[in-house]
Undergrad: 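After the structure tokens below, expect a handful of questions from me.
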Amino acid sequence: MKIYTKTGDKGQTSLIGGTRVAKYHLRIEAYGTVDELNSYIGLIMCQDIDSHHQQLLKEIQDRLFTVGASLAADPEKSKMKIPDLHDADITLLEKEMDDMNEVLPALKHFVLPGGNTVVSYCHIARCVCRRAERLTVALAENSFVDERVTVYLNRLSDYLFVLARKLNMDFGAEENIWIPRI
């Protein structure tokens with residue numbers, strides 16, 4: 001399989017289903033941002049963190065490929081069977097957050113990104129996830145997007161925030177809180 005096809009040299013690409021669109025099309029922006037998020041998840045997963053978190057991040061990467069495929073398909077022309085997100089995928093993120101929150105101190109302040117490198121990666125991934133969510137919501141205004149995709153991205157950004165706090169605690173770093181100057 002050749003990686004280069006030369007079919008995108010003039011700024012067009014194909015959706016699943018064959019529809020050609022500009023590379024800046026909102027659908028391309030949405031799944032491209034999910035791909036960027038997946039890369040940051042991989043970066044977090046490669047850090048020296050608990051194997052449970054690594055395994056869950058690998059599962060999240062798999063789900064993000066499902067999200068990307070869903071967003072890459074032309075909802076009107078694609079006949080390809082694409083894997084689905086399930087409610088259980090969303091529930092898993094919620095359960096993981098609940099478990100981490102059991103051991104975290106109560107959140108009484110806004111948290112500034114940082115603490116250490118891996119925590120910072122989590123915050124970057126959270127921000128990219130929020131951008132993917134915004135793009136997906138915008139896309140859904142004019143085109144079909146499975147509602148679970150938006151919900152999943154929303155939960156995932158929350159999960160990444162809680163994971164950042166948990167990893168910060170695991171590394172014994174003090175939480176970087178924001179105290180407004182009044």
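Fair warning: this is a prediction, and the values are worked out from it, not measured in the lab. When reading the values below, keep in mind they use all heavy atoms of this one structure, side chains included, and skip hydrogens, waters and symmetry mates.
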Undergrad: Any chance you could measure L85, atom CG, to T150, atom OG1, to the nearest 0.5 Å?
TA: 10.0 Å

Undergrad: Would you say the side chain of V34 lies within less than 4.5 Å of the side chain of L135, judging by non-hydrogen atoms?
TA: no

Undergrad: Would a 4.5 Å heavy-atom cut-off, applied to side chains only, mark M45 and H53 as touching?
TA: no

Undergrad: Heavy atoms, side chains only, cut-off 4.5 Å: are D146 and V67 in contact?
TA: no

Undergrad: Indicate yes or no for a side-chain donor-acceptor contact from D89 to the backbone of H86 under 3.5 Å, with no hydrogens or angles considered.
TA: yes

Undergrad: Verify the cluster assignment for V103 and V118: are they in a single hydrophobic cluster under the rule of side-chain heavy atoms below 4.5 Å apart?
TA: yes

Undergrad: Would L163 end up clustered with L104 when hydrophobic side chains under 4.5 Å apart are linked, directly or stepwise?
TA: yes

Undergrad: Does any N or O in the side chain of S70 come within less than 3.5 Å of the main-chain N or O of T66, such that one atom is a donor and the other an acceptor?
TA: no

Undergrad: Would you mind reporting whether Y121 and Q47 have side-chain heavy atoms less than 4.5 Å apart?
TA: yes

Undergrad: Is I41 reachable from L43 through a run of hydrophobic residues whose side-chain heavy atoms are each under 4.5 Å from the next?
TA: yes

Undergrad: Checking E94 now: which residues fulfil side-chain hydrogen bond (donor to acceptor under 3.5 Å, both in side chains) with it, not counting sequence neighbours?
TA: R155

Undergrad: Show me the pairs that pass salt bridge (charged side-chain N to carboxylate O under 4.0 Å, His left out) and involve residues 121-130, at least two apart or across chains.
TA: R130-E133, R130-D158

Undergrad: For E96 and H52, test the side chains for any donor-to-acceptor distance below 3.5 angstrom and give the result as yes or no.
TA: yes

Undergrad: Quick one: which residue pairs count as a ring-ring contact (aromatic ring centres under 6.0 Å, His included) with a foot in residues 144-175, not counting sequence neighbours?
TA: none

Undergrad: For the residue pair N168 and E175, confirm or rule out a side-chain donor-acceptor distance under 3.5 Å.
TA: no

Undergrad: Once salt bridge (charged side-chain N to carboxylate O under 4.0 Å, His left out) is applied, what residue pairs with a partner in residues 35-53 remain, sequence neighbours excluded?
TA: E36-R131

Undergrad: Report yes if some heavy atom in the side chain of E102 is under 4.5 Å from a heavy atom in the side chain of D98; otherwise report no.
TA: no

Undergrad: Could you check whether any side-chain N or O of S143 sits under 3.5 Å from a backbone N or O of L139, counting only pairs where one atom can act as donor and the other as acceptor?
TA: no

Undergrad: How long is the straight-line distance from CZ of R134 back to SG of C129, given to the nearest 0.5 Å?
TA: 10.0 Å

Undergrad: Hey, does I49 have a side-chain heavy atom less than 4.5 Å from the side chain of D170?
TA: no

Undergrad: For the pair S157 (side chain) and N154 (backbone), establish whether a donor and an acceptor sit closer than 3.5 Å, ignoring hydrogens and angles.
TA: yes

Undergrad: Just jot down the side-chain contact (heavy atoms from CB on, under 4.5 Å) partners of Q55, sequence neighbours excluded, or say none.
TA: none

Undergrad: Verify, without hydrogens or angle tests, whether Q61 (side chain) and N38 (backbone) share a donor-acceptor contact under 3.5 angstrom.
TA: yes

Undergrad: If we only count heavy atoms from C-beta on, is the R165 to C122 side-chain gap below 4.5 Å?
TA: no

Undergrad: Just wondering, do L156 and L64 contact through their side chains at under 4.5 Å, heavy atoms?
TA: yes

Undergrad: Report the distance from atom CG of N176 to atom NE2 of H123, rounding to the nearest 0.5 Å.
TA: 8.0 Å

Undergrad: Salt bridge (charged side-chain N to carboxylate O under 4.0 Å, His left out) with D62: which residues, sequence neighbours excluded?
TA: none

Undergrad: Before you tell me yes or no, could you show the steps for N116 and V119 under side chain to side chain contact (heavy atoms under 4.5 Å, CB included), namely the whole-Å CA-CA distance, both residues' side-chain angles and the distance that decides it to 0.1 Å?
TA: CA-CA 5 Å; N116 63 40; V119 170; 3.3 Å; yes

